[in-house]
Every structure is written in structure tokens, then in C-alpha cells.
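Single-structure report; data block below.
Quick note: residue numbers are just sequence positions, from 1. We use all heavy atoms of the structure for the numbers below, so side chains are in, but hydrogens, waters and symmetry mates are not.
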Amino acid sequence: MTPPTDFTLWSQTLCKTLEDFLQQHLPDTSIVPQRLHEAMRFAVLDGGKRVRPLLAFAAGELVEAPVASLTVVAASIELIHAYSLVHDDLPAMDNDTLRRGKPTCHVKFGEALALLAGDTLQSLAFQWLSEFSLHPDPRQQRFMIHQLAIASGSRGMGGGQAIDLESIDSSLSLPELEAMHLKKTGALIRAAVLLGASCGQPLTASEQRHLSNYANTLGLAFQVVDDVLDAEMDTTALGKTAGKDAAANKPTYVSIMGLSQAKDFSRELLRTAHESLVPFSPRCRRLEELADFIVNRRS
Ligand code: GRG
């Protein structure tokens, strides 16, 4: 067996920190309404790559942010992500039955409870972001709450999902596809990076531009790779239904560019992401490694 790399150990340690926080702070299943709390915990705990939380932790390392603040930010962002997956899987949207290698939330708990679980996970994210002290300057904390609200709302993830649903059976140009994914997938990835970097020392305006460029580029790269994996991998490897985009006749990077060019594009985006981090060297090591992980992942 090959020994775990330093990056693996780093990510495992922080995933454990995240998991402990989630276990402790998600409402307990003994509290009324028990079944809703079961559904919320089912949707969040024990699954997923935790890419967005890790991005928040890694961005926090640029600014010497305290792990306690980063954990709250990371957990809140994962709640928003989990809620989006629960709603995305509903019959009214993607109508999927498998997620993270388990039945989807509505398959296990019914549609009504899955809807409520998604809604209440979203509320809980903002509860945590406003309840814990994340920064000595309260304006900075307000900025974080505001950023996450925009990223998950109609100008971000929710809006991107609406455009995605409208695009079924239609053709999109590459710039239109990119604009959709910058919202649907990119906005939350960007928020993870920016919120993590908001928990510590202030960045200069130039550093903020570079970090923003990294976050946008990586958000796009994440989606390009997601499209490639949907076309290339099988359901067992992905833990969710493979080949869904083609079956639903959705425009993707693979349908527009072809598989080989989509892969080339993801590598080009990876190079751009790395270049954006140059001003932060060597504090940006984890952000570099996460970019590599996102582009080279197989699930
Ligand atoms: C009702 C306002 C409102 C919004 C609903 C459903 C929805 C918003 C948004 C859907 C957003 C969505 C599901 C985007 C797909 C992003 C994506 C590629 C998810 C998969 O992420 P991974 O691979 O999943 O990080 P894991 O399971 O590893 O966490």
C-alpha cells in the first residue's frame, strides 16, 4: 500500500474536523420533528468529497484564519451544497434516485420531507454564519453572510439551476454554457474560497483579484470535469447516475466541444488557476493541490 500523501493527511484531518462539527451541530434526531432531522442529517453526513469545505480551509491558510471560524464557514457552505443536491435530485428537477452511493433524500424520506430538508438546511447555514463569531470585525462577518446569500440565490446557484432547466432540449453557445455554470456550480465554489479568505488578515486589492480569478477558473474547471466524468465513468464509480446529461439532452462541455477537447480545456483551466496563485506562494500550496485534485479526480 502506498503511504498517504501530505495532502491526503491534511484533507482527512480537516474533513474529520468538519464531520465532528456537523455531527454535533445538526439538529439531533431525538428532537421534534424527528423525521425531518433524520432527513437533514442523512443529506449532509457521511458522504461527498467535501471539496467546498476544503477550499474554504485552504483559502483560510492564505490569511492565517483561525480553524474555528473556518470550520463554521466550511460547514455552512456544505449545508448549502447538500440542500442544492437534495433539491436537484427531486422529481421536479433531475429526478434521480442515487446520490453519494445512497438513495436520494426523496427516495428515502418522500418528496415533501426532502423539500423541507433542503429548505431547512439552507436556513441552518445562515443561522450558523450569523450565530458564531467568525471575525473580530462584525462588518467582515456581515460581508460573508451577504456573499453566501448572493452565491446561493437567483444571481448565483439558484439562478444557474433555472437556466439549466430552461436549456434542456435546446442548444447553448459556449459563452452561454460558461455563464450558466459560473452561476450554477461556480458561485458556491467561489463563495467557499472568498469566505475562507475573509476569516483572517485582509488581502490587498490585487490579491483579491488574483484569488477571485482562481475561484472563478476553478469553478468552471469543476463543471467541465463533472461533464467529462458524467460521459466517461459508470454509476458505481460516481455514486450517482452516470450519463444523465446526454439522456436528458442537456448541453454540456462534452456535447459542445467533444470529450477530448473538454479534457484539454480542463487542463488549460488548471494552468490558469495555478497562475492566479503565484502572488500567494508558498501559502497557496493547499489551494494548488485542491485545484489538481478537482481536475484529476475520477468521481
Ligand atoms: C430552489 C433557489 C433554489 C435553488 C435550488 C437545485 C439547485 C438550486 C441548484 C442545483 C445546483 C447543483 C446541484 C449544481 C451541480 C453542482 C455539482 C456538479 C454538484 C456535484 O458536486 P460534488 O461532485 O458532489 O462536489 P459531492 O457529492 O462530492 O459533494
Side-chain angles (χ1 to χ4, degrees), residues 43 48-49 51-53 55-56 76-96 99 104-105 114-115 118-119 121-123 125-126 144-195 212-231 238 240-241 244-257 262 265-266 269 272-273 291 294-295 297:
K49 297 178 289 296
V51 159
R52 295 153 194 82
L55 281 168
S76 303
I77 289 169
E78 188 65 12
L79 291 194
I80 298 282
H81 172 57
Y83 128 74
S84 82
L85 299 180
V86 170
H87 281 198
D88 191 48
D89 290 334
L90 284 168
M93 298 219 198
D94 271 6
N95 193 17
D96 220 326
R99 173 69 68 182
T104 47
C105 195
L115 253 177
D119 292 340
L121 286 173
Q122 178 174 212
S123 307
F126 290 102
M144 293 184 220
I145 297 167
H146 186 232
Q147 286 298 308
L148 189 61
I150 291 175
S152 50
S154 64
R155 287 155 62 191
M157 184 181 75
Q161 177 78 348
I163 300 170
D164 191 24
L165 292 172
E166 281 165 12
S167 76
I168 294 174
D169 291 329
S170 68
S171 57
L172 289 182
S173 66
L174 262 186
E176 285 170 335
L177 188 71
E178 179 171 319
M180 172 180 87
H181 284 310
L182 279 173
K183 291 181 191 294
K184 184 185 155 186
T185 309
L188 200 57
I189 287 181
R190 178 184 160 84
V193 174
L194 298 190
L195 264 67
S212 183
N213 195 33
Y214 165 85
N216 286 341
T217 310
L218 195 63
L220 208 53
F222 187 96
Q223 186 60 50
V224 177
V225 173
D226 202 68
D227 287 356
V228 167
L229 294 175
D230 184 66
L238 292 182
K240 59 180 181 179
T241 313
K244 281 219 57 164
D245 295 333
N249 203 19
K250 272 190 187 177
T252 67
Y253 283 96
V254 173
S255 71
I256 296 180
M257 298 178 128
F265 186 41
S266 71
L269 290 168
T272 308
I294 284 169
V295 172
R297 73 200 153 98

Checking M157 against I80 for the side chain to side chain contact (heavy atoms under 4.5 Å, CB included) test, could you report, in this order, the C-alpha distance in whole Å, the side-chain angles of both residues, the deciding distance, and whether it holds?
CA-CA 10 Å; M157 184 181 75; I80 298 282; 3.9 Å; yes

Might you work through the side chain to side chain contact (heavy atoms under 4.5 Å, CB included) test for T104 and V86, ending with a clear yes or no?
CA-CA 7 Å; T104 47; V86 170; over 6 Å; no

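- Just one residue in the list D230, D169, D94 forms a salt bridge (charged side-chain N to carboxylate O under 4.0 Å, His left out) with K250, and that residue is D94.
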Worked verdict on Q147 versus L195 for side chain to side chain contact (heavy atoms under 4.5 Å, CB included)
CA-CA 8 Å; Q147 286 298 308; L195 264 67; 3.6 Å; yes

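- Distance check, rounded to the nearest 0.5 Å: CG of L174 to CZ of F265 gives 7.0 Å.
- D88 is linked by a salt bridge (Lys or Arg N to Asp or Glu O under 4.0 Å) to R99, counting only residues two or more places apart in sequence or in another chain.
- Distance check, rounded to the nearest 0.5 Å: CD of E78 to CG of L85 gives 8.0 Å.
- In this structure, A262 and V224 approach most closely via the heavy-atom pair O-CG1, 3.3 Å.
- Side-chain contact between L115 and H87 is present, with heavy atoms from C-beta onward closer than 4.5 Å.
- Going from atom CG of L177 over to atom OG of S171 covers 11.0 Å, rounded to the nearest 0.5 Å.
- Taking 4.5 Å as the limit, some side-chain heavy atom of D226 sits within range of a side-chain heavy atom of R297.
- Residue A231 comes nearest to V254 through the heavy atom pair CB-CG1, 4.1 Å, listed as atom of the first residue, atom of the second, then distance.
- Residues L148 and L188 form a side-chain contact, since some pair of their non-hydrogen atoms from C-beta on lies under 4.5 Å apart.
- At least one donor-acceptor pair under 3.5 Å links the side chain of D227 to the backbone N or O of Y253.
- Side-chain contact check for L269 versus V295: every heavy-atom pair is 4.5 Å or farther apart.
- The line from CG of L79 to OH of Y83 is 12.0 Å long, rounded to the nearest 0.5 Å.
- Here the closest heavy-atom approach between residue A192 and residue R52 is recorded as CB-O, 3.4 Å.
- Checked against side chain to side chain contact (heavy atoms under 4.5 Å, CB included), I145 has the following partners two or more places apart in sequence or in another chain: F126, L129, S130, Q141.
- Counting non-hydrogen atoms of neighbouring residues, nucleotides and ligands closer than 6.0 angstrom, the CZ atom of R155 reaches no more than 12 such neighbours.
- One distance of note links OG of S76 with CE of M144; it measures 10.5 Å at 0.5 Å rounding.
- Two residues are said to be in side-chain contact when any heavy atoms from C-beta on lie closer than 4.5 Å; L218 and L55 meet this criterion.
- The two residues A43 and L121 come nearest to each other via the heavy atoms CB-CD1, 4.1 Å.
- Comment: K240 does not engage D96 in a salt bridge, judged by the lack of any side-chain N to carboxylate O separation of less than 4.0 angstrom.
- Checked by atom type and distance alone, the side chain of S255 never pairs as donor or acceptor with a backbone atom of P251 at under 3.5 Å.
- The CD atom of E178 sits 12.0 Å away from atom CG of L172, with the distance rounded to the nearest 0.5 Å.
- Minimum heavy-atom separation, A187 to G156: CB-CA, 3.9 Å.
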Show the numbers, then the answer: is there a side chain to side chain contact (heavy atoms under 4.5 Å, CB included) between N216 and I189?
CA-CA 8 Å; N216 286 341; I189 287 181; over 6 Å; no

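- Of all the heavy atoms in L220 and H181, the pair that sits closest is CD1-CB, 4.3 Å.
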